Amino acid sequence: MSAIIPASLRALSAESLKLKGTLALRLCFIAPGLVVALSVLQLLLSKGGQPLATPLLAWERFIQGVMLLWAFLMLPLYVTLQSALLAGLEHGERQWKHLLALPVPRSAHYLGKLIILIGMVALATLVLAALIPLGGWLLVQLHNPLGIGGPVPWVFLGLRAAVVLAASACIIGLHLWIALRWSSFTVAVATGMTATVAGFLIGQSARFGPWYPWTLPMQVFAGQGELMGQVAVTGLLGGVVAVALGLWDFLRREYP
């Protein structure tokens with residue numbers, strides 16, 4: 001264990017250097033920015049309606065609308081693409097044989113990529129949370145059908161962003177495993193897209209929606225938020241299991 005920690009830190013540093021100037025890093029800002037822009041545009045193009053009862057309620061409705069779009073559609077696809085891009089750094093140049101021949105524990109390479117992937121998902125979630133108030137301000141200035149006003153409910157926003165991140169742990173672990181297990185970029189992306197599309201049906205099920213990995217983040221916004229604790233714990237525990245299985249497979253697999 002004492003050798004794994006410094007080795008993982010070196011692997012993490014190497015992964016960080018590889019990401020400089022890549023699409024993966026830019027996506028941390030592009031993906032959440034696109035979600036906020038689409039949400040604001042949809043409201044700007046909407047016809048004037050009756051504002052909600054209070055400015056605070058309007059803020060909460062706007063926050064939930066933006067984050068639901070992120071959690072339901074963009075986040076699963078974002079994790080799919082980022083994990084495939086991370087794995088492709090080695091798959092594309094067939095670097096695994098060289099890396100695994102180095103005097104570094106195999107697990108360090110896996111854990112380094114895992115930490116980078118978690119960091120990119122966390123960064124994108126933070127960017128989303130930071131852009132939502134900006135989107136609300138634009139609506140107030142241009143067209144405000146919800147009746148947004150007053151201070152931003154930062155606790156409401158921060159809590160839901162944190163729970164969405166926790167609930168996404170399972171798909172992070174699963175997609176990293178899939179992306180490292182198969183060298184084909186197509187396999188990794190097709191798996192994520194298929195699972196996300198399936199979520200359109202499964203997510204509507206009260207029985208299966210709160211347990212299906214790709215719809216766990218959207219369940220944060222089910223009802224009055226009564227499932228937040230359950231999906232956060234399910235996502236984290238599922239993530240631990242997925243990472244453990246993926247690491248076990250990585251340690252025994254031979255790469256060409």
Side-chain angles (χ1 to χ4, degrees), residues 23-82 118-169 171-172 196 199-200 203-204 209 214-232 235:
L23 175 62
L25 193 57
R26 292 193 292 271
L27 277 175
C28 297
F29 301 90
I30 294 172
L34 182 60
V35 169
V36 175
L38 288 174
S39 299
V40 170
L41 183 62
Q42 185 269 327
L43 287 170
L44 288 176
L45 295 177
S46 66
K47 296 180 180 179
Q50 184 68 29
L52 297 178
T54 66
L56 177 60
L57 185 60
W59 262 120
E60 292 178 354
R61 180 71 62 84
F62 176 63
I63 290 169
Q64 292 209 146
V66 176
M67 297 199 73
L68 182 59
L69 178 60
W70 170 258
F72 185 41
L73 182 60
M74 185 62 81
L75 177 59
L77 297 177
Y78 173 81
V79 174
T80 297
L81 185 56
Q82 291 290 49
I118 293 173
M120 290 195 297
V121 177
L123 176 58
T125 304
L126 181 62
V127 171
L128 180 76
L131 289 177
I132 286 175
L134 177 59
W137 178 81
L138 285 174
L139 289 173
V140 171
Q141 302 304 313
L142 301 175
H143 176 54
N144 193 8
L146 296 178
I148 293 173
V152 179
W154 290 107
V155 173
F156 182 91
L157 172 59
L159 176 61
R160 278 149 185 80
V163 178
V164 166
L165 181 59
S168 68
I171 58 175
I172 290 173
T196 301
F200 281 86
Q204 301 176 39
W214 287 266
T215 58
L216 284 176
M218 68 168 285
Q219 296 299 324
V220 172
F221 307 100
Q224 300 300 315
E226 60 270 12
L227 294 179
M228 285 201 297
Q230 175 186 324
V231 297

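All heavy atoms count here, side chains included; hydrogens, waters and symmetry mates do not. No experiment lies behind these values; they were computed from the predicted model shown.
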A.B. asks: Identify, with sequence neighbours excluded, every residue that meets side chain to side chain donor-acceptor pair (under 3.5 Å) alongside Trp70.
C.D. replies: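 Testing Trp70 for side chain to side chain donor-acceptor pair (under 3.5 Å), a comparison that skips the adjacent residues, returns none.
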A.B. asks: Would Arg26 pass as a cation-pi partner of Phe29, given that its NZ or CZ must be under 6.0 Å from the six-membered ring centre and within 45 degrees of the axis?
C.D. replies: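 Because its charged atom misses either the 6.0 Å distance or the 45° angle limit, Arg26 does not stack over Phe29.
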A.B. asks: Are side-chain heavy atoms of Met228 and Leu159 found at a separation under 4.5 Å?
C.D. replies: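 Heavy-atom side-chain distance check passes, below 4.5 Å.
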A.B. asks: Would you name the heavy atoms of Tyr78 and Met120 that are closest together and state the gap between them?
C.D. replies: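 Looking at all heavy atoms of both residues, the closest pair is OH-O, 2.9 Å.
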A.B. asks: I need the Ile63 CD1 to Ile132 CD1 distance, nearest 0.5 Å.
C.D. replies: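 Between atom CD1 of Ile63 and atom CD1 of Ile132 there are 6.0 Å.
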A.B. asks: To the nearest 0.5 angstrom, please state how far the CZ atom of Arg61 sits from the CG atom of Leu56.
C.D. replies: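 Separation between the atoms: 12.0 Å.
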A.B. asks: Does the side chain of Leu128 come within less than 4.5 Å of Met67's, by heavy atoms?
C.D. replies: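 Yes, close enough: below the 4.5 Å cut-off.
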A.B. asks: Is Thr80 close to Ile171 at the side-chain level, that is, under 4.5 Å between some pair of heavy atoms?
C.D. replies: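 Ile171 does not reach Thr80 side chain to side chain.
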A.B. asks: Counting only heavy atoms not in Gln224, do more than 12 sit closer than 6.0 Å to its CD atom?
C.D. replies: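 No, not enclosed.
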A.B. asks: Mind checking what makes side-chain contact (heavy atoms from CB on, under 4.5 Å) contact with Thr215, not counting sequence neighbours?
C.D. replies: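 Per chain and number, Thr215 pairs via side-chain contact (heavy atoms from CB on, under 4.5 Å) with Tyr212, Met218, Gln219.
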A.B. asks: Report the distance from atom CG of Leu34 to atom CG of Leu131, rounding to the nearest 0.5 Å.
C.D. replies: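 The distance works out to 11.0 Å.
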A.B. asks: What is the distance from atom CZ of Arg160 to atom OG1 of Thr125, rounded to the nearest 0.5 Å?
C.D. replies: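 Reported value, rounded in 0.5 Å steps: 15.0 Å.
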A.B. asks: Nearest heavy-atom pair of Leu69 and Ser39: which atoms, and what distance?
C.D. replies: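 So the minimum-distance heavy-atom pair works out to CD2-OG, 3.8 Å.
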A.B. asks: For residues Pro153 and Glu60, report the shortest heavy-atom separation together with the two atoms involved.
C.D. replies: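 Closest heavy-atom pair between Pro153 and Glu60: CG-CG, 4.4 Å.
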A.B. asks: I need the minimum non-hydrogen distance between Val66 and Val35, along with the two atoms involved.
C.D. replies: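 What the structure gives for the nearest pair is O-CG1, 3.6 Å.
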A.B. asks: Are any of the side-chain heavy atoms of Leu134 and Val36 separated by less than 4.5 Å?
C.D. replies: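 Heavy-atom side-chain distance check fails, nothing below 4.5 Å.
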A.B. asks: The criterion is side-chain contact (heavy atoms from CB on, under 4.5 Å); which residues satisfy it with Gln230, sequence neighbours excluded?
C.D. replies: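 Listed in chain order: Pro210, Trp211, Leu227, Thr234.
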A.B. asks: Kindly say whether Leu157 contributes a backbone atom to a donor-acceptor pair with the side chain of Trp59 at under 3.5 angstrom?
C.D. replies: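 Between the backbone of Leu157 and the side chain of Trp59 there is no qualifying donor-acceptor contact (under 3.5 Å).
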A.B. asks: Below 4.5 Å, heavy atoms only, C-beta onward: do Cys28 and Val127 meet side chain to side chain?
C.D. replies: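 A side-chain contact under 4.5 Å is absent here.
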A.B. asks: Side chains of Val40 and Phe62: does their closest heavy-atom pair fall under 4.5 Å?
C.D. replies: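 Yes - at least one pair of side-chain heavy atoms lies under 4.5 Å apart.
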A.B. asks: Measure the spacing between CG of Asn144 and CG of Leu44 and express it to the nearest 0.5 Å.
C.D. replies: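 That separation rounds to 9.5 Å.
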A.B. asks: How long is the straight-line distance from CG of Leu165 back to CG of Leu123, given to the nearest 0.5 Å?
C.D. replies: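 With rounding to 0.5 Å, CG (Leu123) is 11.0 Å from CG (Leu165).
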A.B. asks: Compare every heavy atom of Pro76 with every heavy atom of Leu73, then report the nearest pair and how far apart it is.
C.D. replies: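 Taking every non-hydrogen atom into account, O-CD, 3.4 Å.
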A.B. asks: Mind listing the closest non-hydrogen atom pair of Ser168 and Val121 along with its distance?
C.D. replies: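 Of all heavy-atom pairs spanning Ser168 and Val121, the closest is OG-CG1, 4.1 Å.
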